[in-house]
Amino acid sequence: NVIRQYKSDLYPFHCDFYLPDLDLYIEYQGTWTHGLHPFNENNKEDIDKLNLWKSKNSKYYDNAINTWTIRDVNKRNIAKQNNLNWIEFFNFDNFKKWLNNNE
């Protein structure tokens, strides 16, 4: 029982997958535009990657910057603020780790 592109009052974004039976929101950050991991403004490697993307000076990279450093961060914050049953993963290994930690 999966709803794709689910949006709610508590999570006003189009969530990749929502499992109503578990009240679980799932975001799959499967493209490079999500940075391959959550953005950390205090991580030198993340700042270096951000500066590299900025140097590309293109709308395509500007969109990736906005996705990784603003939209994804906002989604995490809203999910936490609203105490949602919410996960995000960037690859299948991330997902398997989450499954193993929640068994």
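We count residues from 1, following the sequence as given. None of the values given here were measured: they were computed from a predicted structure.
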Please give the remaining members of the hydrophobic cluster of Y11, linking ILVMFWY side chains under 4.5 Å, ordered by chain and number.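 Besides Y11, the hydrophobic cluster comprises I3, Y6, L10, F13, Y18, Y25, I78, L84, W86, listed by chain and residue number.
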Can you pull out every salt bridge (Lys or Arg N to Asp or Glu O under 4.0 Å) where at least one residue sits in residues 32-54? Sequence neighbours excluded, please.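 Checked against salt bridge (Lys or Arg N to Asp or Glu O under 4.0 Å) - neighbours excluded - the pairs reaching residues 32-54 are K44-D48.
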For N57, I'd like to know if atom CG has over 12 heavy atoms of other residues, nucleotides or ligands within 6.0 Å.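 No, the 6.0 Å shell around CG holds no more than 12 heavy atoms from other groups.
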Can you measure from [atom1] ([X]) to [atom2] ([Y]) and round to the nearest 0.5 angstrom?
{"X": "D72", "Y": "Q29", "atom1": "CG", "atom2": "CD", "result": "4.5 Å"}
{"X": "R4", "Y": "H14", "atom1": "CZ", "atom2": "NE2", "result": "15.0 Å"}
{"X": "N74", "Y": "Q81", "atom1": "CG", "atom2": "CD", "result": "9.0 Å"}
{"X": "N40", "Y": "L50", "atom1": "CG", "atom2": "CG", "result": "12.0 Å"}

By side-chain contact (heavy atoms from CB on, under 4.5 Å) - contacts of Y28 (at least two apart):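 Residues passing side-chain contact (heavy atoms from CB on, under 4.5 Å) with Y28: D16, F17, F89.
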Taking side-chain contact (heavy atoms from CB on, under 4.5 Å) as the definition, give me every residue that meets it alongside N1, ordered by chain and number, with sequence neighbours left out.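 If we apply the side-chain contact (heavy atoms from CB on, under 4.5 Å) test to N1, skipping adjacent residues, the hits are P20, D21.
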Compare all side-chain heavy atoms of Y60 with those of I65 and state whether any distance is below 4.5 angstrom.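 Counting from C-beta outward, Y60 and I65 never come under 4.5 Å.
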Going by heavy atoms in the side chains, are C15 and Q5 under 4.5 Å from each other?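 Of all side-chain heavy-atom pairs linking Q5 with C15, none is under 4.5 Å.
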Close aromatic pair by centroid cut-off 6.0 Å: W32 and Y61: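 Here the rings of Y61 and W32 have centres that are less than 6.0 Å from each other.
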Side-chain donor/acceptor of N101 to backbone N/O of K97, under 3.5 Å: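 Looks like yes, one N/O pair under 3.5 Å.
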Report yes or no: does W68 contribute a side-chain atom to a donor-acceptor pair with the main-chain N or O of H34 at less than 3.5 Å?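 Yes; judged by distance alone, with no hydrogens or angles, the pair exists.
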Please list, chain by chain and in numerical order, all residues satisfying salt bridge (charged side-chain N to carboxylate O under 4.0 Å, His left out) with D93, sequence neighbours excluded.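 Testing D93 for salt bridge (charged side-chain N to carboxylate O under 4.0 Å, His left out), a comparison that skips the adjacent residues, returns K96.
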Contacts of type side-chain hydrogen bond (donor to acceptor under 3.5 Å, both in side chains), residue N63, not counting sequence neighbours: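 In terms of side-chain hydrogen bond (donor to acceptor under 3.5 Å, both in side chains), with neighbours along the sequence ignored, N63 is linked to R71.
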Going hydrophobic residue to hydrophobic residue with side-chain gaps under 4.5 angstrom, can you get from F90 over to I87?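 The answer is no; the residues belong to distinct hydrophobic clusters.
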Do the side chains of V2 and I26 join up, straight or via other hydrophobic residues, at under 4.5 Å, putting them in one cluster?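 In one cluster: yes.
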